[in-house]
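What follows is a short report on a single structure.
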Number of protein chains: 2
Amino acid sequence: MDHTDQELLRLLSIDARMSLKSLADEVGMSSPAIAERLQKLQENDVIRAFTLDLNAEAMGYPMVAIVRIRPLPGKLLVVERLLQEIPEVAECDRVTGDDCFVARVYLRSIQHLDEVLNRIIDKAQTSTSIVKSQVVKRRPAPFVTE
Amino acid sequence: MDHTDQELLRLLSIDARMSLKSLADEVGMSSPAIAERLQKLQENDVIRAFTLDLNAEAMGYPMVAIVRIRPLPGKLLVVERLLQEIPEVAECDRVTGDDCFVARVYLRSIQHLDEVLNRIIDKAQTSTSIVKSQVVKRRPAPFVTE
DNA sequence: GGTGAAAAAAAATTTTC
DNA sequence: GAAAATTTTTTTTCACC
């Protein structure tokens, strides 16, 4: 992981479909060299995947909620499995502290929020925050931007 | 946004570098047709970007914390700007409720957590949860998986 | 909105330093 | 470990339905 690798990651996180040639030109190397570096970055599990940044709103999901979930006694595993099955849950972490889970949920409306929460309401206490704006839009953490 | 578009989004969210030809073969169309559809999906801001899924751990950031932040009276804007400047903050949302912000922070160690929190400690109350495991790994929400 | 074929561009392979 | 040249593959363009 030298400076060139970091630069490749920076460029690809802006446009993952950049051609090897464009990447090569940007960092001042040859295409085969870039191809080999990308392969190594994937083999070393630095690059997990080339993926999409999708606009949820443009697809009919204008609301995002952050839900903290505290399962009732004995319900932890059931709740965990349930969260994995709910497609609106775009991300969920098991965390330390009183709230066991923090989930990021994509929604069509406030009514939709109710529908989703109803699926866990009898197995956990929940605390919901509606996202009003994105202060920091998801970015690939220090290692790429620094 | 027909079924073919949805299928393209599904395929590209697994591998954003798939060639037009491969995509064409998968959905049973010609390459030019796929090229045009991808262009439209970008123009309509459905696809925001082709990007990377990076492994923070492989790059020396083995810890993730979810921090709820409640700025002290009059400090909201200062805190917001500060959060945007901290590179460890990979994502931050302004939310409803008592906690104004929820941030996702990538860290090298527990000591590193202290360093980051010290930058806002005199301007806000914070509540930190350490991520123990990912119950649902970030996925592109209902519209792609359903 | 789509196809199919040709031209242009890019990627992978091999050879070379 | 990287560059250059060749072959293969992909992307783009264009005429057409």
Side-chain angles (χ1 to χ4, degrees), chain A residues 1-62 108 139-146, chain B residues 1-61 139-146:
Chain A
M1 273 290 299
D2 58 7
H3 180 261
T4 303
D5 281 339
Q6 285 206 338
E7 187 62 8
L8 290 176
L9 294 181
R10 193 185 66 78
L11 291 165
L12 286 168
S13 57
I14 295 166
D15 179 10
R17 282 182 78 81
M18 267 182 85
S19 71
L20 297 182
K21 190 182 181 305
S22 312
L23 290 167
D25 290 348
E26 288 281 342
V27 303
M29 277 187 183
S30 66
S31 304
I34 302 303
E36 196 171 336
R37 276 169 181 268
L38 288 195
Q39 206 183 319
K40 285 235 172 83
L41 285 168
Q42 286 179 87
E43 280 167 8
N44 299 341
D45 200 31
V46 173
I47 296 176
R48 281 241 175 79
F50 299 92
T51 185
L52 296 181
D53 179 1
L54 290 173
N55 180 358
E57 197 170 349
M59 307 186 74
Y61 289 79
R108 292 189 174 281
R139 60 188 180 193
F143 30 87
V144 174
T145 30
E146 84 190 351
Chain B
M1 274 291 299
D2 59 6
H3 180 262
T4 303
D5 281 340
Q6 286 206 337
E7 187 63 6
L8 291 176
L9 294 181
R10 193 184 66 77
L11 291 165
L12 286 168
S13 57
I14 295 165
D15 178 11
R17 282 182 78 81
M18 266 182 86
S19 70
L20 297 181
K21 192 186 181 306
S22 312
L23 291 167
D25 291 347
E26 288 281 342
V27 304
M29 275 188 187
S30 64
S31 304
I34 302 304
E36 194 171 331
R37 276 169 179 268
L38 288 195
Q39 206 183 319
K40 286 237 172 81
L41 285 169
Q42 287 178 86
E43 280 166 8
N44 298 342
D45 200 32
V46 173
I47 296 176
R48 281 241 174 79
F50 300 92
T51 186
L52 296 181
D53 179 1
L54 291 173
N55 180 357
E57 197 170 349
M59 307 185 75
Y61 289 78
R139 59 189 181 194
F143 29 88
V144 174
T145 30
E146 84 192 347

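Heavy-atom basis, side chains included; hydrogens, waters and symmetry copies ignored. Just so it is clear, the model here is predicted, and its values are computed rather than measured. Chain A is the first sequence line, chain B the second, and so forth, proteins listed ahead of strands; every chain is numbered from 1.
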Checklist outcome for this item: salt bridge (Lys or Arg N to Asp or Glu O under 4.0 Å) filter on B:Asp25, not counting sequence neighbours, yields B:Lys21

Checklist entry - Any ion pair linking B:Glu7 and B:Arg10 (charged N to carboxylate O, less than 4.0 Å)? => result yes

Item to check | Minimum heavy-atom distance A:Ala24-A:Ser30, with the two atoms named | outcome: CB-C, 3.7 Å

Next on the checklist: Would you say that more than 12 heavy atoms from the other residues, nucleotides or ligands in this model lie under 6.0 Å from the CD of A:Gln42, or not?
Outcome noted: yes

Checklist entry - Does B:Asn44 reach the main-chain N or O of B:Val46 with its side chain, forming a donor-acceptor pair under 3.5 Å? => result no

Item to check | Nearest atoms (heavy-atom pairs only) where A:Val27 meets A:Leu11 | outcome: CG1-CD1, 4.2 Å

Checklist entry - Hey, is the main chain of B:Arg48 close enough, under 3.5 Å, to the side chain of A:Asp53 for a donor-acceptor pair? => result no

Checklist entry - Reading DNA chain D 5' to 3', which nucleotide is the first, and which the last, to come under 4.0 Å of any heavy atom in chain B? => result D:dT10 to D:dT13

Checklist entry - If you pin B:Ser31 and A:Glu36 to their nearest nucleotides in DNA chain D, which one's is more 5'? => result A:Glu36

Item to check | Any residue of residues 16-25 of chain B with a heavy atom less than 4.0 Å from an atom of DNA chain D | outcome: B:Ser19, B:Leu20, B:Lys21

Polar atoms only, N or O, under 3.5 Å: list the protein pairs with nucleotides 15-17 of chain C and their distances.
none

Checklist entry - Can you tell me how far the CG atom of A:Leu54 sits from the CE atom of A:Met59, to the nearest 0.5 Å? => result 6.0 Å

Item to check | Angle of first-five versus last-five pair axes in the helix from C:dG1-D:dC17 to C:dC17-D:dG1, to 10 degrees | outcome: 30°

Item to check | Distance (rounded to the nearest 0.5 Å) between A:Leu9 CG and A:Arg37 CZ | outcome: 10.5 Å

Checklist entry - Taking the side chain from A:Thr51 and the backbone from B:Ile14, do they hold a donor-acceptor pair closer than 3.5 Å? => result no

Polar-atom pairs under 3.5 Å, protein N or O versus N or O of nucleotides 4-8 of chain C: list them with distances, or write none.
none

Next on the checklist: I'd like to know if the side chain of A:Arg17 and the backbone of B:Met18 have a donor-acceptor N/O pair within less than 3.5 Å.
Outcome noted: yes

